[in-house]
Amino acid sequence: MIVKTLGRVDYAATEQAMREFTETRGPDTEDELWLCEHPPTYTQGLAGQAGHVLNPGGIPVVQTNRGGQVTYHGPGQVVAYPLVDLKRLGIYVKEYVFRLEAAVIQTLEQFGVTGHRVAGAPGIYVRLDEPGAHGALTGPADPSDPFRGLGKVAALGIKVSRHCTYHGAALNVAMDLQPFLGINPCGYAGLETVDLVRIGVSTEWPEVARRFGERLQAQLTR
């Protein structure tokens, strides 16, 4: 896998580059992993509903062909785009999503944070009161407030074309979190979005990008 750290790049141009890479790649094209961050941008998935964009406040809303609902990208967020041939890797989409989430969880672990999966809600969540607590989430969620006590620290949104992936995962490091209040993140009203700084971790974007990239490589290569 070729790893490219792109720095801060325009969202639309990067999405177009991913599409072109995927459309033109062949069976022997080496997989790539792009690590970057974007200027402030809301992105809307294929199933996205306009009503989940509450108040964009001048931030552009870009329609994409990934799965999922609306999310926010901005400075201080590590965005990872794995461009992977799943057929060659020998896995299906469900396993691919599991491995993306595993890479996020393993990265958080290196900073003393325990990441959690929530059934039916792709992405990774943390306990706001005890981000480092190791116990599994227990008990049925409150239907009126399914994310009570949790904050979302990483979002997933993928596209698979001819067994090849693009789009990917975003891990929040040190962001201005205010723009998340302008949307229902990933389609969930009232869901709190957090970054590593918010839960007490002081680190730098390059360090998180390096570690996240290493974990993704380990998960997505034979």
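If you're wondering where the values come from, they're calculated on a predicted model, not measured in any experiment. For this chain, numbers begin at 1 and follow the sequence in order.
For Thr193 (side chain) and Phe180 (main-chain N/O), no donor-acceptor pair under 3.5 Å exists by modelled atom type. Side-chain atoms of Arg19 do not come within 3.5 Å of backbone N or O of Thr14 as any donor-acceptor pair.
Taking Glu20 as the reference, Gln16 meet the side-chain hydrogen bond (donor to acceptor under 3.5 Å, both in side chains) condition, with sequence neighbours excluded. Looking at residues two or more places apart in sequence or on another chain, you find a side-chain contact (heavy atoms from CB on, under 4.5 Å) between Ala12 and Asp10. Every residue two or more places apart in sequence or in another chain that forms a side-chain contact (heavy atoms from CB on, under 4.5 Å) with Ile105 is listed here: Arg117, Ile124. Under the side-chain contact (heavy atoms from CB on, under 4.5 Å) criterion, Glu37 pairs with Arg8, Pro75, Trp205, not counting sequence neighbours. For Glu95, the salt bridge (Lys or Arg N to Asp or Glu O under 4.0 Å) criterion is met by Arg99, not counting sequence neighbours. Annotation: salt bridge (Lys or Arg N to Asp or Glu O under 4.0 Å) contacts of Lys87 (sequence neighbours excluded): none. Asp85 is linked by a salt bridge (Lys or Arg N to Asp or Glu O under 4.0 Å) to nothing, counting only residues two or more places apart in sequence or in another chain. Residues forming a side-chain contact (heavy atoms from CB on, under 4.5 Å) with Asp176 (at least two apart in sequence, or on another chain): Gln178, Pro179.
Expressed to the nearest 0.5 Å, how far CG of Leu150 lies from CZ of Arg127 amounts to 7.5 Å.
In plain terms, the two heavy atoms of Leu220 and Pro82 that are nearest each other are CD1-CB, 3.7 Å. Minimum interatomic distance between His116 and Val126 (heavy atoms only, all atoms of both residues): CD2-CA, 4.4 Å. When all heavy atoms of Leu6 and Cys36 are compared, the closest pair comes out as CB-CB, 4.0 Å. Summarising the geometry of Asn65 relative to Lys159, their closest heavy-atom pair is O-CD, 3.2 Å, with the distance given to 0.1 Å. Closest approach of Thr22 and Cys164 over heavy atoms only: CG2-CB, 3.9 Å. Counting all heavy atoms, side chain and backbone alike, Pro131 lies closest to Leu128 at CD-O, 4.0 Å.
Among pairs with a residue in residues 67-81, those fulfilling side-chain hydrogen bond (donor to acceptor under 3.5 Å, both in side chains) read His38-Tyr81, His73-Gln77, Gln77-Asn172, at least two apart in sequence or across chains. Among residue pairs with one or both ends in residues 212-222, those qualifying as side-chain hydrogen bond (donor to acceptor under 3.5 Å, both in side chains) are Gln106-Arg215, Gln106-Gln219, Arg210-Glu214; sequence neighbours excluded. Within the structure, every pair that satisfies the side-chain hydrogen bond (donor to acceptor under 3.5 Å, both in side chains) test and touches residues 40-50, not counting sequence neighbours, is listed here: Thr43-Arg66.
Clustering ILVMFWY residues whenever any of their side-chain heavy atoms sit less than 4.5 angstrom apart, transitively, puts Leu46 in a cluster other than the one holding Val53. The hydrophobic clustering, which links ILVMFWY residues whose side-chain heavy atoms are closer than 4.5 Å, places Leu83 and Met1 apart. Side-chain heavy atoms closer than 4.5 Å link hydrophobic residues (I, L, V, M, F, W, Y) into clusters, and following such links, even through other members, never connects Trp34 to Leu171. Hydrophobic clustering places Leu100 together with Val208 (ILVMFWY residues linked when any side-chain heavy atoms are closer than 4.5 Å, directly or through intermediates).
Classification of Arg211 and Glu207 as a salt-bridged pair holds, one side-chain N sitting under 4.0 Å from a carboxylate O.
When the shell of 6.0 Å around CD of Gln63 is examined, it contains more than 12 heavy atoms from other residues, nucleotides or ligands.
Taking the side chain as every heavy atom from C-beta outward, Glu15 and His167 approach each other to under 4.5 Å. Side-chain contact between Thr64 and Tyr11 is present, with heavy atoms from C-beta onward closer than 4.5 Å.
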For this session: Start with the C-alpha gap between Tyr166 and Phe21, add the side-chain angles, then the distance that decides, and say whether ring pair (Phe, Tyr, Trp, His ring centres under 6.0 Å) holds.
Result: CA-CA 9 Å; Tyr166 59 108; Phe21 177 91; 9.5 Å; no
Exercise. Taking it one step at a time, do Thr114 and Leu108 satisfy side chain to side chain contact (heavy atoms under 4.5 Å, CB included)?
Worked result: CA-CA 6 Å; Thr114 302; Leu108 292 173; over 6 Å; no
Can you give me every donor-acceptor pair (side chain of residues 194-201, partner residue at least two apart or in another chain, under 3.5 Å) with its distance?
{"residue": "Asp195", "atom": "OD1", "partner": "Val197", "partner atom": "N", "Å": "3.4"}
{"residue": "Asp195", "atom": "OD1", "partner": "Arg198", "partner atom": "N", "Å": "2.7"}
{"residue": "Asp195", "atom": "OD2", "partner": "Met175", "partner atom": "N", "Å": "2.8"}
{"residue": "Arg198", "atom": "NE", "partner": "Glu192", "partner atom": "OE2", "Å": "3.4"}
{"residue": "Arg198", "atom": "NH2", "partner": "Glu192", "partner atom": "OE2", "Å": "3.0"}

